[in-house]
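For this chain, numbers begin at 1 and follow the sequence in order. Fair warning: this is a prediction, and the values are worked out from it, not measured in the lab.
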Amino acid sequence: MIEYISRHYDDLLEALGEHLALVGITFVLSLVFAAILVVLCHYSKTLGNILVNVFSVIYSIPSLALFALLIPITGLGEVSAIIVLVIYSQYLLLRNFLTGLNEVDPALLEAATGMGMTKMQVLLKIRIPLAKGALFAGIRLTIVATIGIATIAASINAGGLGQILFDGLRTMNTPKIVWGSIFAALLAIFADLILIIAEKLLGEPHGKRRKEI
């Protein structure tokens with residue numbers, strides 16, 4: 001085990017870099033698409049319910065099957081992997097985002113509307129700040145899930161830590177299997193911790209202001 005990592009640490013670091021790039025690109029694209037869909041759903045609850053149901057059905061499809069469906073269209077590699085990962089992310093993001101936004105106290109929304117705020121102003125200035133916990137929960141779930149599914153994406157030549165893991169399974173190389181799994185698990189745990197810290201830091205100013213008052 002130790003001998004493997006001392007000899008092949010460069011391969012592990014390269015795979016880790018590829019994995020981070022895949023997850024990073026997916027996360028940015030997912031947030032952009034989710035933000036657009038949330039705005040649309042803000043004007044139509046029916047559309048929101050339809051989209052959540054549609055994405056929940058897609059999310060239930062095994063990732064390998066969805067990868068296979070895209071291969072004839074977009075081919076092997078990162079493009080197919082990113083498309084699938086972005087689609088999967090929409091369910092987790094939309095479900096948590098819409099739940100958090102819809103749970104805001106209706107009395108506050110009525111007061112904001114009575115003050116002359118538009119729907120977009122209510123969304124940006126009232127709903128989103130008050131739904132911060134749910135928004136971060138959705139982001140954390142999405143990041144962890146994306147890291148895991150991105151590992152499977154190595155089966156279509158998307159690279160990443162899954163490449164180390166699948167190579168180990170194919171050649172029955174135990175150190176490769178173990179280190180590939182450890183790096184993927186640690187990456188998910190580390191990413192989740194960073195987001196927890198970020199959520200606490202972003203929430204601190206409000207707490208400090210209350211104490212000062």
Side-chain angles (χ1 to χ4, degrees), residues 19-60 82-150 185-213:
H19 209 90
L20 286 170
L22 190 61
V23 172
I25 293 170
T26 297
F27 179 63
V28 171
L29 291 175
S30 297
L31 274 184
V32 171
F33 282 115
I36 294 171
L37 293 177
V38 164
V39 171
L40 294 175
C41 295
H42 181 58
Y43 289 93
S44 173
K45 287 187 177 181
T46 302
L47 176 61
N49 293 330
I50 292 173
L51 287 176
V52 170
N53 289 329
V54 169
F55 282 118
S56 68
V57 171
I58 295 174
Y59 194 79
S60 67
I82 289 172
I83 291 173
V84 170
L85 291 171
V86 169
I87 292 173
Y88 274 131
S89 296
Q90 294 312 299
Y91 171 63
L92 296 174
L93 290 173
L94 272 181
R95 185 189 64 180
N96 285 275
F97 285 7
L98 293 177
T99 298
L101 295 174
N102 291 332
E103 287 181 350
V104 174
D105 189 351
L108 294 175
L109 302 179
E110 288 179 10
T113 303
M115 293 171 62
M117 285 188 176
T118 64
K119 277 198 170 185
M120 183 59 68
Q121 288 176 324
V122 170
L123 175 64
L124 297 177
K125 296 182 179 181
I126 306 296
R127 287 185 183 268
I128 290 177
L130 293 177
K132 190 188 300 179
L135 301 184
F136 266 97
I139 290 172
R140 286 172 57 194
L141 283 172
T142 300
I143 287 290
V144 173
T146 301
I147 290 172
I149 300 173
L186 289 177
L187 180 58
I189 293 171
F190 186 65
D192 192 48
L193 287 174
I194 289 177
L195 288 171
I196 290 174
I197 293 171
E199 182 180 3
K200 289 181 178 179
L201 290 176
L202 289 174
E204 274 184 4
H206 299 286
K208 288 181 178 178
R209 286 191 198 120
R210 286 174 187 168
K211 289 181 181 179
E212 289 173 0
I213 293 172

Derivation of the side chain to side chain contact (heavy atoms under 4.5 Å, CB included) call for L92 and T146: CA-CA 10 Å; L92 296 174; T146 301; over 6 Å; no
Intermediate values then yes/no, side chain to side chain contact (heavy atoms under 4.5 Å, CB included), D192 and I196: CA-CA 6 Å; D192 192 48; I196 290 174; 3.8 Å; yes
Candidate pair I126 and M117, rule side chain to side chain contact (heavy atoms under 4.5 Å, CB included), full reasoning: CA-CA 10 Å; I126 306 296; M117 285 188 176; 4.2 Å; yes
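To the nearest 0.5 angstrom, K132 atom NZ is 8.5 Å from E199 atom CD. Between atom CG of residue L141 and atom CZ of residue F136 there is a gap of 13.5 Å, rounded to the nearest 0.5 Å. One distance of note links CZ of R95 with CG of L51; it measures 15.0 Å at 0.5 Å rounding. Note that CG of N102 and NZ of K45 are 5.5 Å apart. Values are rounded to the nearest 0.5 Å. Here the CG-OG1 distance, from L135 to T99, works out to 10.5 Å after rounding to the nearest 0.5 Å. In this structure, CZ in F97 is found 15.0 Å from NE2 in H42, a value given to the nearest 0.5 Å.
The minimum heavy-atom distance linking I149 with Y88 is given by the pair CD1-CD1, 3.9 Å. Of all heavy-atom pairs spanning L22 and A150, the tightest one is CD2-CB, 3.8 Å. What you find for G100 and A134 is that their closest heavy atoms are CA-CB, 3.4 Å. Smallest separation of non-hydrogen atoms from F55 and L37: CE1-CD1, 3.9 Å.
Partners of L101 according to the side chain to side chain contact (heavy atoms under 4.5 Å, CB included) rule, which considers only residues two or more places apart in sequence or in another chain, are V38, L123, R127, I128, A131.
Distance alone, capped at 3.5 Å, is enough to place a donor-acceptor pair between the S56 side chain and the N53 backbone.
Atom OH of Y43 has more than 12 neighbouring heavy atoms from other residues, nucleotides or ligands inside a 6.0 Å radius.
Of the options L31, I147, L85, a side-chain contact (heavy atoms from CB on, under 4.5 Å) to T26 is made by L85 and by none of the others.
Ring planes of Y91 and Y59: tilted class, angle from 30 to 60°.
Side-chain contact between F33 and V86 is present, with heavy atoms from C-beta onward closer than 4.5 Å.
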